[in-house]
There are 2 protein chains.
Amino acid sequence: MAHSIDEVLKVHGLKITSTRKRVLGLYYQSDHALAHSDIEGQLDGEFDRVTLYRTLAAFEEKGIIHKVLDESGSVKYSLCNSSCQEDRHQDHHLHFQCEKCGNTFCLEGVHIPAPELPGGYQLSDWYMLAKGICQSCAVA
Amino acid sequence: MAHSIDEVLKVHGLKITSTRKRVLGLYYQSDHALAHSDIEGQLDGEFDRVTLYRTLAAFEEKGIIHKVLDESGSVKYSLCNSSCQEDRHQDHHLHFQCEKCGNTFCLEGVHIPAPELPGGYQLSDWYMLAKGICQSCAVA
DNA sequence: TCTTTAAATGCAACAGCGTTTCAGTAAAAA
DNA sequence: TTTTTACTGAAACGCTGTTGCATTTAAAGA
């Protein structure tokens, strides 16, 4: 990849701390969205849980990660691609939640067009979630 | 409407109780999805909060209401239309969350086609949420 | 390099959502 | 009217996420 983790933090105006390096590293390693509980589990006790919440909030605010809504009941995040800016997450791709493993994937290749709304409604953003069986679980 | 509240409960194999009649009545009166907290607020203290959770769970299980995911952080439900069955909620319509009033509406007229998935993924269900300003808030 | 300062962290406490268990109660069937 | 079944209320608990405050650390300036 073109940027190191330190550079990504610096570019987005965040101080380089061990928490942020560790957490961002997990996102770069993962092929699916990660919730706070996933991070906490993988970094068992290494950092305070409140710090992890604040780390995720900082990453989201700076446009490094974006929220991924699914039916798990807790908020997950994935890395943004370059088209996302600090104030606006502009990429409309499909999110896919596997009913077997529970993981949720960003399918960047599947573009979601804006829905047609009835008169009187004003559209600002949209979001699509698909459910089913993911590649790994299908072959397993 | 063709069925009374009592008949709806009976048809779906649920005992007719005062909790269920009151809660189902609220759904028939509302034009937007209702969360447990909305129900609890409108029926201030009339029933135990656990009973209300169980009432909603029973309605969903029987196919009377369906989950409406949005960014509010709590689960909302709306009345199903007739195409929903006990085990499968088959209606793919758009959900619209207003950023002003926070209400989420089922736009039954906007059909959501199945997304195209990359090879290896198996689709079972899908879900689309739009955000923006609703009709009432737009004119206000 | 040392000092300053602004930001990040850890800890304690708290609030909200949702679930489980169990005893008491009410609806529907016999 | 009695019996059976399932619904309800209450208490307790767990998980997710937030806030306030004291302490520590990163980064900027001398």
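Below, chain A is the first sequence line, B the second, and so on; all start at residue 1.
- Per the geometry, CZ belonging to B/Arg49 stands 14 Å off P belonging to C/dA15, to the nearest Å.
- Going from atom CG of B/Leu56 over to atom P of C/dG18 covers 9 Å, rounded to whole Å.
- Summarising the geometry, the separation between CG on B/Asp48 and P on C/dG18 is reported as 15 Å, rounded to the nearest angstrom.
- Side-chain contact check for A/His36 versus A/Ser74: every heavy-atom pair is 4.5 Å or farther apart.
- One interatomic measurement links the two molecules: CD of A/Glu40 to P of D/dG17, which rounds to 10 Å at whole-angstrom precision.
- For the pair B/Gln42 and B/Leu34, the minimum side-chain heavy-atom distance is below 4.5 Å.
- Separating the CG atom of A/Leu14 from the C1' atom of C/dT9 is a distance of 15 Å, rounded to the nearest angstrom.
- Side chains of A/Lys21 and A/Leu9 form a contact here, defined as non-hydrogen atoms less than 4.5 Å apart.
- Not a single donor-acceptor pair under 3.5 Å links the side chain of A/Glu40 to the backbone N or O of A/Leu52.
- With no hydrogens or angles considered, no side-chain donor-acceptor pair links A/Ser4 and A/Asp6 at under 3.5 Å.
- Between B/Arg20 and D/dC7, a side-chain N or O to OP1/OP2 separation shorter than 4.0 Å is present.
- The base of D/dT5 sits within donor-acceptor range of the side chain of B/Lys15, with an N or O pair under 3.5 Å.
- Residues from residues 96-106 of chain A placing a heavy atom under 4.0 Å of any atom in DNA chain D do not occur.
- Axis angle between the ends of the helix from C/dT1-D/dA30 to C/dA30-D/dT1, five pairs each and rounded to 10 degrees, works out to 30°.
- Comparing atom distances between the A/Tyr53 side chain and each of C/dG10, D/dT18, C/dT21 picks out D/dT18 as nearest.
- Remark: C1' of D/dT8 and CD1 of B/Ile39 are 17 Å apart, rounded to the nearest angstrom.
- At whole-Å resolution of the value, CG in B/Leu52 and C1' in D/dA10 are 14 Å apart.
- Listed nucleotides: D/dT16, C/dT9, C/dA27. Nearest to the side chain of B/Thr17: C/dA27.
- Side chain of A/Tyr127 to backbone of A/Leu69: a donor-acceptor contact under 3.5 angstrom is found.
- Judged by distance alone, the side chain of A/Arg20 and the main-chain N or O of A/Lys15 form a donor-acceptor pair under 3.5 Å.
- One interatomic measurement links the two molecules: NZ of B/Lys21 to C1' of D/dC7, which rounds to 14 Å at whole-angstrom precision.
- Checking C/dG10, C/dC17, D/dG9 against every side-chain atom of B/Arg54, the shortest atom distance belongs to D/dG9.
- Using a 30° and 60° split on the angle between ring planes, A/Tyr121 and B/Phe96 fall in the perpendicular class, above 60°.
- Ring geometry, A/His92 versus A/Trp126: the interplanar angle falls under 30°, so the pair is classed parallel (tilted spans 30 to 60°).
- Among the nucleotides C/dG10, C/dG18, C/dA28, the one closest to the side chain of B/Ile16 is C/dA28.
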